[in-house]
Amino acid sequence: MENLNLYYLAGISILSLLSLIGFVFRNIVTDTVRSAIKKRSSNSEMIQSIISESEKIIQECSPGLDFDPNNTHVSSKQLLKAFSKLNEAKNIDASDTSVILQDAYLRTYGKDKSGIKDLIESVMTRLRTPRHFLTAAHAAIFIENYDLALNIFKKATTKYPNDASVIFNYASLLATLKKYDEAIDKISKSILLDPYSEYRGRINKAIIYRELEEYDRALTELHIAKEINIEDYKARFEIAKTYYKQDKLTEALAFLEILTEDFPATPIIYSFLALIHSNENDKEKQIVSLESVLRLDPKNVNALVELGKFYIESGKNKEGYRFLEQAVHLSNGKYSLILDVAHFFTERRDRNETYKILVAGLNENSNSEERAEIENMIEEIQQIVISTQLEEFAPHLTDVPFREIKYDLSPLNLMDLTTDLEHKHIRKPLEKLLKKANADCPSEEGKKEKFIANTLFDLSFGFRSDVELIDKDEARGIFRALAHHPNQKQ
């Protein structure tokens with residue numbers, strides 16, 4: 001009996017010990033899980049804070065604008081600053097959905113758009129919040145992948161069927177795709193869900209009606225919107241645009257003149273005034289309006305293009321070309337802009353300026369298909385010039401295919417070449433080019449030869465006027481000497 005009591009007491013002790021161990025273990029696990037959740041929550045808060053700072057850097061460039069990289073002037077320095085801030089978030093958790101989406105968002109402001117689609121698709125199954133869906137959709141819209149954007153919005157409206165912001169932005173995409181009935185229905189729904197969106201909603205409905213040429217319905221919506229928010233210019237501005245679409249220029253001008261008094265620091269109003277003055281062939285008022293645009297918005301691409309053309313037509317070629325080149329740079333080599341400016345110079349029979357603007361556009365543009373088209377246009381210009389000038393000093397090259405004409409200087413020793421050429425007036429400018437090549441390409445094999453050959457080629461045919469080292473005649477003299485050099489393969 002006594003032994004049974006001992007066994008009983010021992011069993012109770014073991015169970016108590018095991019219970020104690022289990023309690024301690026549960027507490028450890030619970031504390032570990034809580035600590036992990038707390039750390040994750042803390043990391044998430046830090047990431048969101050950093051992303052907000054990254055966004056502020058971009059928003060400083062475009063206060064008050066909705067998401068639209070095409071309407072935002074973000075310098076390379078500002079974009080680098082925003083990416084640098086984002087890297088802080090990546091160091092915390094590079095796999096975080098918000099971090100990846102912010103990476104895609106920032107890339108829409110740069111030249112390289114290649115990785116945006118992959119970034120969006122990598123988080124498609126991890127989109128959780130309305131903000132996630134909207135950021136992903138806007139990035140997809142910017143790269144014109146509308147199927148992907150539609151897919152994102154369908155998922156978003158399934159998960160958040162009563163989120164006014166999601167529905168409103170979905171309506172904007174549908175309007176872009178000319179699905180007007182669906183767009184109007186969703187705008188109406190977003191207004192019911194969020195009365196504060198009525199002002200923007202009525203403006204967007206009016207724009208759709210205007211596209212459908214239902215001008216009376218458009219004006220009705222806009223006048224209601226105007227009464228909702230008399231302090232904002234957008235409704236009245238859209239009224240002016242609607243009158244313009246109806247060819248009622250007097251009414252449109254009346255609205256715009258009042259707007260310039262009420263909102264004197266709004267460049268888009270002056271841009272539209274410039275357009276109307278252009279249609280009325282009032283060049284003087286058009287220029288005054290464009291200059292007002294640039295005074296308020298020095299990086300306005302359209303104003304730079306129009307003023308650049310005007311200055312060139314007025315004989316101010318240097319200033320005009322500077323404006324056009326700046327516009328190409330700010331637009332990241334936008335294809336339609338390059339074609340517009342190139343066509344302007346082509347009509348003026350100015351091959352040299354056409355060539356320069358195409359080269360400037362090629363340097364800025366990152367779209368492979370568009371670059372190929374620009375390169376073809378450049379080649380056409382070069383072939384026209386070459387066909388008329390080549391026989392002058394290198395007749396043995398007239399039958400060589402164009403792509404093989406660029407000189408290969410690699411068989412020549414550049415250090416000895418200056419002494420090999422007999423004439424002093426040829427040797428000196430070549431020494432200048434060699435000095436420049438040594439400075440630009442101090443250690444890269446073959447770069448010196450390529451720099452000199454291409455510079456000579458472009459200068460000798462008048463393709464470039466931005467190289468101040470030597471002039472056209474000097475370049476032709478060196479080119480002629482090289483063309484007959486015994487070590488030159490071609």
**Prompt:** ring-ring contact (aromatic ring centres under 6.0 Å, His included) with Tyr270: which residues, sequence neighbours excluded?
**Reply:** none
**Complete:** Rounding to 0.5 Å, atoms CG (Leu294) and CD (Glu306) come to a distance of 11.0 Å
**4.5 Å side-chain heavy-atom contact, Asn204 and Phe168** = yes
**Message:** For a 4.5 angstrom cut-off between non-hydrogen side-chain atoms, does Val305 reach Phe344?
**Reply:** no
**Message:** Which residues pass the side chain to side chain donor-acceptor pair (under 3.5 Å) test with Glu88, not counting sequence neighbours?
**Reply:** Lys85
**Fill in**
One should read off an interatomic distance between Leu219 CG and Glu214 CD, to the nearest 0.5 angstrom, of 12.0 Å
**Request:** Please report the C-alpha distance between Glu373 and Ile338 in whole Å, then the side-chain angles of each, then the deciding distance to 0.1 Å, and finally whether the side-chain contact (heavy atoms from CB on, under 4.5 Å) criterion is met.
**Result:** CA-CA 11 Å; Glu373 291 295 324; Ile338 295 168; over 6 Å; no
**Least distance between heavy atoms, Val99 atom then Ala94 atom** = CG1-O, 4.3 Å
**Request:** Sequence neighbours left out, what pairs pass side-chain hydrogen bond (donor to acceptor under 3.5 Å, both in side chains) with at least one residue falling in residues 117-130?
**Result:** Thr97-Arg126, Lys117-Glu121
**Note, Ile207 side chain near Lys241 side chain (heavy atom, < 4.5 Å)** = no
**Prompt:** According to the ring-ring contact (aromatic ring centres under 6.0 Å, His included) rule, which pairs have a member within residues 303-327, sequence neighbours left out?
**Reply:** Tyr311-Phe323
**Request:** Specify the closest pair of heavy atoms between Ala183 and Leu174, including all atoms of both residues, with the distance to one decimal.
**Result:** CB-CB, 3.9 Å
**Message:** Suppose we screen for salt bridge (charged side-chain N to carboxylate O under 4.0 Å, His left out). Which residues come up paired with Lys226, at least two apart in sequence or across chains?
**Reply:** none
**Message:** Could you check whether any side-chain heavy atom of Arg217 comes within less than 4.5 Å of a side-chain heavy atom of Thr220, counting everything from C-beta outward?
**Reply:** no
**Item:** Partners passing ring-ring contact (aromatic ring centres under 6.0 Å, His included) against Tyr244 (at least two apart in sequence or in another chain)
**Value:** Phe272
**Prompt:** How far apart are the C-alpha atoms of Arg202 and Glu198, what are their side-chain angles, what is the distance that settles it, and do they pass the salt bridge (Lys or Arg N to Asp or Glu O under 4.0 Å) test?
**Reply:** CA-CA 6 Å; Arg202 288 194 178 275; Glu198 183 178 2; 2.8 Å; yes
**Item:** Glu251/Lys248 salt bridge by N-O under 4.0 Å criterion
**Value:** no
**Residue pairs involving residues 146-159 (criterion side-chain hydrogen bond (donor to acceptor under 3.5 Å, both in side chains); sequence neighbours excluded)** = none
**Request:** Please name the pair of heavy atoms, one in Ala274 and one in Gln286, separated by the smallest distance, quoted to 0.1 Å.
**Result:** O-CG, 3.5 Å
**Value rounded to 0.5 Å, distance of CG in Leu324 from CG in Leu304** = 8.5 Å
**Item:** Chi angles and distances behind the side-chain contact (heavy atoms from CB on, under 4.5 Å) call for Arg295, Ser292
**Value:** CA-CA 5 Å; Arg295 175 173 51 81; Ser292 296; 3.8 Å; yes
**Prompt:** Angle class for the Phe133/Tyr160 ring planes (parallel below 30°, perpendicular above 60°, tilted otherwise)?
**Reply:** perpendicular
**Message:** Are Leu150 and Leu177 packed together at the side-chain level, in the sense that at least one heavy-atom pair is separated by less than 4.5 angstrom?
**Reply:** yes
**Request:** Go through the structure and list residues passing salt bridge (charged side-chain N to carboxylate O under 4.0 Å, His left out) with Asp340, not counting sequence neighbours.
**Result:** Lys309
**Message:** Please give me the minimum heavy-atom distance between Ile152 and Ala140, naming the atom from each residue.
**Reply:** CD1-CB, 4.4 Å
**Message:** I'd like to check the salt bridge (charged side-chain N to carboxylate O under 4.0 Å, His left out) partners of Asp232; sequence neighbours left out, ordered by chain and number.
**Reply:** Lys234
**Asked** At what distance, to the nearest 0.5 angstrom, does CD1 of Ile187 lie from CD1 of Ile184?
**Response** 6.5 Å
**Closest non-hydrogen atom pair, Asp93 against Ser95** = OD1-OG, 2.7 Å
**Request:** Check whether the side chains of Ser165 and Asp163 place a donor and an acceptor atom closer than 3.5 Å, and report yes or no.
**Result:** no
**Request:** Please examine the side chains of Tyr215 and Lys245, heavy atoms only from C-beta on, and report whether any two atoms are closer than 4.5 Å.
**Result:** yes
**Request:** Begin with the C-alpha distance, continue with both residues' side-chain angles, and end with the deciding distance and a verdict on side-chain contact (heavy atoms from CB on, under 4.5 Å) for His277 and Leu253.
**Result:** CA-CA 9 Å; His277 291 315; Leu253 278 171; 4.0 Å; yes
**Prompt:** When you look at Asn145 and Ile116, which way does the side-chain contact (heavy atoms from CB on, under 4.5 Å) test go after all the steps?
**Reply:** CA-CA 10 Å; Asn145 193 328; Ile116 294 175; over 6 Å; no
**Fill in**
Residue set satisfying side chain to side chain contact (heavy atoms under 4.5 Å, CB included) with Leu259, at least two apart, ordered chain then number -> Tyr233, Arg236, Phe237, Leu256, Phe263, Ile269
**Request:** Could you pull out the closest heavy-atom pair between Pro161 and Ile167, with the gap in Å?
**Result:** O-CD1, 3.2 Å
**Prompt:** Could you state the interatomic distance from CG (Leu192) to CG (Asn162), rounded to the nearest 0.5 Å?
**Reply:** 11.0 Å
**Item:** Heavy atoms of other groups near His223 NE2, more than 12 under 6.0 Å
**Value:** yes
**Complete:** Only residue of Thr135, Leu119, Leu134 satisfying side-chain contact (heavy atoms from CB on, under 4.5 Å) with Leu101 is Thr135
**Rounded distance [0.5 Å steps], OG in Ser271 versus CD1 in Ile276** = 11.5 Å
**Prompt:** Do any pairs count as a side-chain hydrogen bond (donor to acceptor under 3.5 Å, both in side chains) and have a residue in residues 171-193, sequence neighbours left out, and if so which ones?
**Reply:** Ser188-Lys205
**Message:** Can you list everything that forms a salt bridge (charged side-chain N to carboxylate O under 4.0 Å, His left out) with Glu280? Sequence neighbours excluded, please.
**Reply:** none
